[in-house]
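Source: prediction; values computed, not measured. Just the heavy atoms: all of them, side chains too, but no hydrogens, waters or symmetry mates, feed the values below. Protein chains get the first letters and strands the later ones, always in sequence-line order, with residue 1 at the start of each.
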Number of protein chains: 2
Amino acid sequence: MNQTESCCRMSVDTLLIESAKDMLASKEEGLKEKAKIFALLGNEVRLKMMTVFVNVDSVCVCDLSDILKMNQSPISQHLRKLKDAGLLESKREGMTIFYSIPSDQKEILLSLIKG
Amino acid sequence: MNQTESCCRMSVDTLLIESAKDMLASKEEGLKEKAKIFALLGNEVRLKMMTVFVNVDSVCVCDLSDILKMNQSPISQHLRKLKDAGLLESKREGMTIFYSIPSDQKEILLSLIKG
DNA sequence: TTACTATATTAGTATATACTAATATAGTAT
DNA sequence: ATACTATATTAGTATATACTAATATAGTAA
């Protein structure tokens, strides 16, 4: 069966269905982007990371590793994903690399994480 | 290597690290719960579903199937997950089963999805 | 009863995810 | 140069996820 199947209610709610389709279509891009962010925050380790960044501003990799009680490798891998998505940025100071939330993302993340 | 590894900054920021650990520990339960919700909304199909429910109140399975242009089986499977998490509830009317957002979840979901 | 409809569930599979372990990179210090 | 430190990346693996296809359930209607 494919998506052309429809129940008896089809004829009744055609308008509702069409408007829902239109709404989703108009939000397609935004929803894709949001889903990506949600998926990133849907991992407990990453959510903890971002919770730390929301509260502490700038943290280096090894401190995160300590705070989260995890090896450095998975920490770096998670940071990479968050950075690739634009939810984090990094700044080198000598050998140490500090991650933080870019200013343009702070409001969004605060509302998602604090709220 | 295990989590006892630490960088040269350890001694400098012990307080910051400890307070971050404490904060995470105090939020442990809430973060776990939030991560679950984010993970659910992190799937594009489910995010679309919840976006529909936020806007349309009550929708049946086959209408959703139509709106999302997907077979009924994966739709039911996603609905099951959302219902298991308490993000949706269902009500039977004859053969048709309507899903909707429980009133105690509306505010949270609206803030996550609309915002 | 039988046939039909809407939804749910299950089994199987393909892909994605998150880790471990090992190695690479790049800065610092001698 | 060599040795060391902080971080990044890669390969491999185990588990989770999201689908398809098939079947089960439960209400409706004849």
Side-chain angles (χ1 to χ4, degrees), chain A residues 1-13 17 32 35-36 38-49 58-85 88-100, chain B residues 1-13 17 32 35-36 38-49 58-85 88-100:
Chain A
M1 286 190 201
N2 60 25
Q3 62 271 21
T4 60
E5 67 179 317
S6 54
C7 66
C8 56
R9 298 184 59 263
M10 182 77 187
S11 55
V12 182
D13 283 18
I17 290 175
K32 220 167 228 161
K36 251 185 226 164
F38 284 138
L40 285 167
L41 300 181
N43 174 280
E44 208 179 320
V45 172
R46 285 191 298 262
L47 182 58
K48 283 181 181 173
M49 282 181 167
S58 185
V59 185
C60 74
V61 179
C62 73
D63 281 352
L64 262 183
S65 178
D66 186 352
I67 292 167
L68 298 176
K69 309 186 212 309
M70 285 180 65
N71 294 337
Q72 172 262 321
S73 175
I75 296 286
S76 278
Q77 293 177 55
H78 284 303
L79 287 170
R80 177 84 145 88
K81 291 187 182 185
L82 292 165
K83 189 182 174 187
D84 283 350
L88 287 180
E89 63 188 7
S90 64
K91 195 177 61 169
R92 177 182 283 275
E93 275 182 32
M95 272 189 306
T96 308
I97 295 181
F98 290 90
Y99 283 83
S100 57
Chain B
M1 285 191 198
N2 59 27
Q3 61 271 21
T4 61
E5 66 180 318
S6 54
C7 67
C8 57
R9 298 184 59 262
M10 182 78 187
S11 55
V12 181
D13 283 18
I17 291 175
K32 219 167 229 162
K36 250 185 227 167
F38 284 139
L40 284 168
L41 299 181
N43 174 280
E44 208 180 321
V45 173
R46 284 191 297 261
L47 182 58
K48 283 180 179 172
M49 282 181 169
S58 186
V59 186
C60 75
V61 179
C62 72
D63 282 352
L64 263 181
S65 178
D66 186 351
I67 292 167
L68 298 176
K69 309 186 212 311
M70 287 180 64
N71 294 337
Q72 171 261 320
S73 175
I75 296 286
S76 279
Q77 293 177 56
H78 284 303
L79 288 170
R80 176 82 144 90
K81 291 187 182 183
L82 292 166
K83 189 181 173 187
D84 283 350
L88 287 179
E89 63 188 5
S90 64
K91 193 177 62 170
R92 177 182 283 276
E93 274 182 31
M95 274 189 306
T96 308
I97 295 181
F98 290 90
Y99 282 82
S100 57

- request: Do nucleotides 10-19 of chain C as a string where each nucleotide becomes B, S or -: B if the base has a protein heavy atom under 4.0 Å, S if just the sugar-phosphate does, - if no protein is that close.
  value: B-------SB
query: Do any N or O atoms from the side chain of B/Ser58 and from the backbone of B/Phe98 form a donor-acceptor pair under 3.5 angstrom?
result: no
- request: In whole angstrom, give the distance that lies between atom CD1 of A/Ile97 and atom P of C/dT28.
  value: 11 Å
- line: To the nearest 0.5 Å, atom NE2 of B/His78 lies from atom CG of B/Leu47 at 11.5 Å
query: Nearest-Å distance, CG (B/Asp63) to C1' (C/dT5)?
result: 14 Å
query: Is there side-chain contact between A/Lys81 and A/Leu40, with at least one heavy-atom pair below 4.5 Å?
result: yes
- prompt: Rounded to whole angstrom units, what separation is found between the CE atom of A/Met49 and the C1' atom of D/dT7?
  reply: 13 Å
- prompt: Does B/Asn71 reach the main-chain N or O of B/Ser73 with its side chain, forming a donor-acceptor pair under 3.5 Å?
  reply: no
- prompt: For D/dA8, does either OP1 or OP2 sit under 4.0 Å from a side-chain N or O belonging to A/Tyr99?
  reply: yes
- prompt: Side chains of A/Glu44 and B/Lys32: closer than 4.5 Å at any heavy-atom pair?
  reply: yes
- request: Measure from CZ on A/Arg92 to P on D/dT5 and round the result to the nearest Å.
  value: 16 Å
field: Nucleotide nearest B/Met95 when distance is taken to its side chain, options D/dA6, C/dA8, C/dA6
entry: C/dA6
- request: Nearest whole angstrom, please: distance from the P of C/dT20 to the CD1 of A/Ile75.
  value: 10 Å
Interatomic distance, A/Leu82 CG vs D/dA8 P [rounded to whole Å]: 12 Å
- prompt: Any N or O donor-acceptor pair linking the side chain of B/Gln72 to the base of C/dA6 at under 3.5 Å?
  reply: no
field: Any B/Cys62 side-chain heavy atom under 4.5 Å of B/Gln72 side chain
entry: no
message: According to ring-ring contact (aromatic ring centres under 6.0 Å, His included), who are the partners of B/Tyr99, at least two apart in sequence or on a separate chain?
response: none
query: Dot-bracket, DNA chain D: Watson-Crick or G-U, under 3.5 angstrom, [ ] crossing, | other strand?
result: ||||||||||||||||||||||||||||||
- request: Nearest whole angstrom, please: distance from the C1' of C/dT9 to the NZ of B/Lys83.
  value: 13 Å
Modelled atom types, side-chain donor and acceptor of B/Ser100 and B/Lys91, under 3.5 Å: no
- prompt: What's the CG-P distance between B/Leu88 and C/dA8, to the nearest Å?
  reply: 11 Å
query: Below 4.5 Å, heavy atoms only, C-beta onward: do A/Leu64 and A/Leu79 meet side chain to side chain?
result: yes
